[in-house]
Amino acid sequence: MTDDLAPFDFELPRDHIATEPARPRDSATLLHVRPGLPPDPHVIRDLPDFLREGDLLIANNTAVIRAQLAATRGEAKIGLTLDRILADGSWHALARNSRKLKPQDILHFGDDPVTATVIENEGDGAVSIRFSVEGDEFDAFLERVGALALPPYIERPFGPTKQDDADYRTIFSQYRGAVAAPTAGLHFTPELLAALDAKGIQRRTLTLHVGAGTFLPVRSTIAEHKMHAEWGEIDAETAAAINETRARGGRIVAVGTTSLRLLESAARDDGTVAPWRGETSIFIKPGYRFKAVDVLMTNFHLPRSTLFMLVCAFSGTETMREAYAYAIANGLRFYSYGDACLLERAP
């Protein structure tokens, strides 16, 4: 592919950005997108109609943490957004007003007894820090002083609300560690899961802790863009289900780009996977050959973003540009709390 960002850019009117989800969740629009055919609008609860008995639906079971923290170092105010936990138990974070932070600096969080020590200032607003507590004590600390790191396009002048605490959580949420919700999963309800089960569509989950970098557009060039690493795991049960489904000709249906990215990180050339655990910084763009995923359910993404490049790689750039033009012309709702599309893979 070329390094030209123009094919991945588009104008989106601000009133198309959803600031709260559809209610009920499965009443949002689901745009069926197939290469070579016009976009076909439905609603989320119609999803079982487009899947086949024996397909395997895979969702991300990560749970969002209160990743936004207000810290001080002396008189200096430091804004922190936790990005991901590192192998040694320290945290990678994005920091505002971080220029003067040095190793061994101590960060305080109001009157709370928990502190954090700076390990490294990596520059460009990235730091690694170690908190004075771990495990359950750390979780309790985040509940006390942290706030949801809602995407910047969801305007909350006074901060996230109690309603956001409920809305920005998927039905699959199980393992804490994500900064951002895997937003395709926000559309699922108990009734929709029951309808999928009734049709004989299998379900499994994996874990990818979505980091703060998911919101970043490509600011330089495609070749120079550096993906932020994210931690994920595919357990033995899910790997076996994927391989069994593929062996009998069933399709792998990824709920969200986070599920897809982890599946493609773990996949062998023949589309099978082994249990997998570690960090991935896979950058999927046009020209990529998909190995594991046949169908993708995902929300509508930002212009010039790596996620829009991913869906262009999956269904074709012209197909996706046409689908997004249809979505904008017909008032569909974009981004985390918005509508979704069901993408068939280009040959």
Side-chain angles (χ1 to χ4, degrees), residues 25-26 28-37 39-62 170-174 182 184-208 232-276 284 288-299 310-311 313-316 319 340-347:
R25 294 187 183 207
D26 59 6
T29 296
L30 180 67
L31 190 66
H32 193 196
V33 178
R34 294 160 292 177
L37 293 172
D40 188 17
H42 297 268
V43 293
I44 297 291
R45 65 175 65 99
D46 294 334
L47 176 64
D49 296 341
F50 304 112
L51 304 182
R52 307 168 189 160
E53 182 179 354
D55 283 349
L56 177 62
L57 190 85
I58 300 184
N60 188 355
N61 61 21
T62 188
T170 78
I171 197 170
F172 307 106
S173 294
Q174 189 173 0
L186 295 176
H187 298 289
F188 285 78
T189 62
E191 294 79 11
L192 179 55
L193 295 184
L196 290 164
D197 292 344
K199 188 162 180 180
I201 295 154
Q202 298 183 62
R203 293 188 283 112
R204 293 290 186 276
T205 58
L206 48 69
T207 307
L208 184 71
E233 180 174 14
I234 299 173
D235 65 23
E237 182 183 63
T238 296
I242 292 167
N243 298 337
E244 190 270 332
T245 300
R246 189 160 295 284
R248 58 175 165 71
R251 299 181 303 172
I252 306 302
V253 182
V255 177
T257 56
T258 61
S259 298
L260 180 146
R261 290 180 66 247
L262 188 57
L263 289 167
E264 292 295 324
S265 297
R268 307 181 182 103
D269 287 342
D270 64 356
T272 61
V273 300
W276 195 94
I284 295 175
Y288 178 86
R289 186 178 72 83
F290 289 86
K291 301 184 286 291
V293 177
D294 303 297
V295 180
L296 170 64
M297 179 180 168
T298 184
N299 283 24
L310 182 154
V311 297
F314 195 80
S315 293
T319 296
C341 44
L342 185 70
L343 308 182
E344 306 281 350
R345 200 173 81 190

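FYI, the numbering just counts along the sequence from 1. None of the values given here were measured: they were computed from a predicted structure.
Considering only residues two or more places apart in sequence or on other chains, R251 meets the salt bridge (charged side-chain N to carboxylate O under 4.0 Å, His left out) condition with D55, E344. Scanning for side chain to side chain donor-acceptor pair (under 3.5 Å) contacts around E237 gives an empty result, with sequence neighbours left out. Shown here are the side-chain contact (heavy atoms from CB on, under 4.5 Å) partners of S265, two or more places apart in sequence or in another chain: W276, T280, I282. Judged as a side chain to side chain donor-acceptor pair (under 3.5 Å), and not counting sequence neighbours, the contacts of T170 are S173. For T62, the side chain to side chain donor-acceptor pair (under 3.5 Å) partners are H209, not counting sequence neighbours. Residues meeting the side-chain contact (heavy atoms from CB on, under 4.5 Å) test with Q174, sequence neighbours left out: N61. Shown here are the ring-ring contact (aromatic ring centres under 6.0 Å, His included) partners of F290, two or more places apart in sequence or in another chain: Y288, F314. Residues satisfying the side-chain contact (heavy atoms from CB on, under 4.5 Å) test with A267, not counting sequence neighbours, are V273, K291, A292. Partners of D235 by side chain to side chain donor-acceptor pair (under 3.5 Å), not counting sequence neighbours, listed by chain and number: T238. For R45, the side-chain contact (heavy atoms from CB on, under 4.5 Å) partners are P24, D26, S27, V43, not counting sequence neighbours.
Within the structure, the salt bridge (Lys or Arg N to Asp or Glu O under 4.0 Å) test picks out the following pairs touching residues 256-273 (sequence neighbours left out): E230-R261, D269-R289. Residue pairs that meet the salt bridge (Lys or Arg N to Asp or Glu O under 4.0 Å) test with at least one member in residues 185-200, sequence neighbours left out, are D197-R203.
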Can you list the steps and then say if V311 with V33 is a side-chain contact (heavy atoms from CB on, under 4.5 Å)?
CA-CA 11 Å; V311 297; V33 178; over 6 Å; no

Could you walk me through whether L310 and L296 satisfy the side-chain contact (heavy atoms from CB on, under 4.5 Å) test, starting with their C-alpha distance in whole Å, then the side-chain angles of each, then the deciding distance to 0.1 Å, before giving a yes or no?
CA-CA 11 Å; L310 182 154; L296 170 64; 4.0 Å; yes

Check the pair L56, R204 against side-chain contact (heavy atoms from CB on, under 4.5 Å), reporting the backbone distance first and the verdict last.
CA-CA 7 Å; L56 177 62; R204 293 290 186 276; 3.9 Å; yes

Begin with the C-alpha distance, continue with both residues' side-chain angles, and end with the deciding distance and a verdict on side-chain contact (heavy atoms from CB on, under 4.5 Å) for I44 and R25.
CA-CA 8 Å; I44 297 291; R25 294 187 183 207; over 6 Å; no

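Among V255, T258, I234, the single residue meeting the side-chain contact (heavy atoms from CB on, under 4.5 Å) criterion with L206 is I234.
Taking the side chain as every heavy atom from C-beta outward, V293 and R345 never approach each other to under 4.5 Å. A 4.5 Å side-chain heavy-atom check between L186 and N299 finds every atom pair outside the cut-off.
Between the CD1 atom in I171 and the OG1 atom in T189 there is a gap of 6.5 Å [rounded to 0.5 Å]. Note that CG of L343 is 12.5 Å distant from CG of D294, once rounded to the nearest 0.5 Å. Taking CG from D46 and OG1 from T29, the interatomic distance works out to 10.0 Å, rounded to the nearest 0.5 Å. Taking CD1 of I252 as the start and CG of N243 as the end, the distance is 8.5 Å to the nearest 0.5 Å. Within the model, atoms NE2 of H187 and CG of L192 stand 10.5 Å from one another, a figure rounded to the nearest 0.5 Å. Residue I58 holds its CD1 atom at 7.5 Å from OG1 of T245, rounded to the nearest 0.5 Å.
The two atoms that bring P35 and A346 nearest to each other are CG-CA, 3.8 Å, heavy atoms only. When every heavy atom of A195 is checked against every heavy atom of P48, the shortest pair comes out as CB-CG, 4.0 Å. Residues M297 and L342 approach most closely at CB-CD1, 3.9 Å, considering heavy atoms. Shown here for S259 and A254, the closest heavy-atom pair between the two residues is CB-CB, 4.3 Å.
Note on ring orientation: taking the six-membered ring where Trp is involved, the planes of F50 and H32 are tilted (angle from 30° to 60°).
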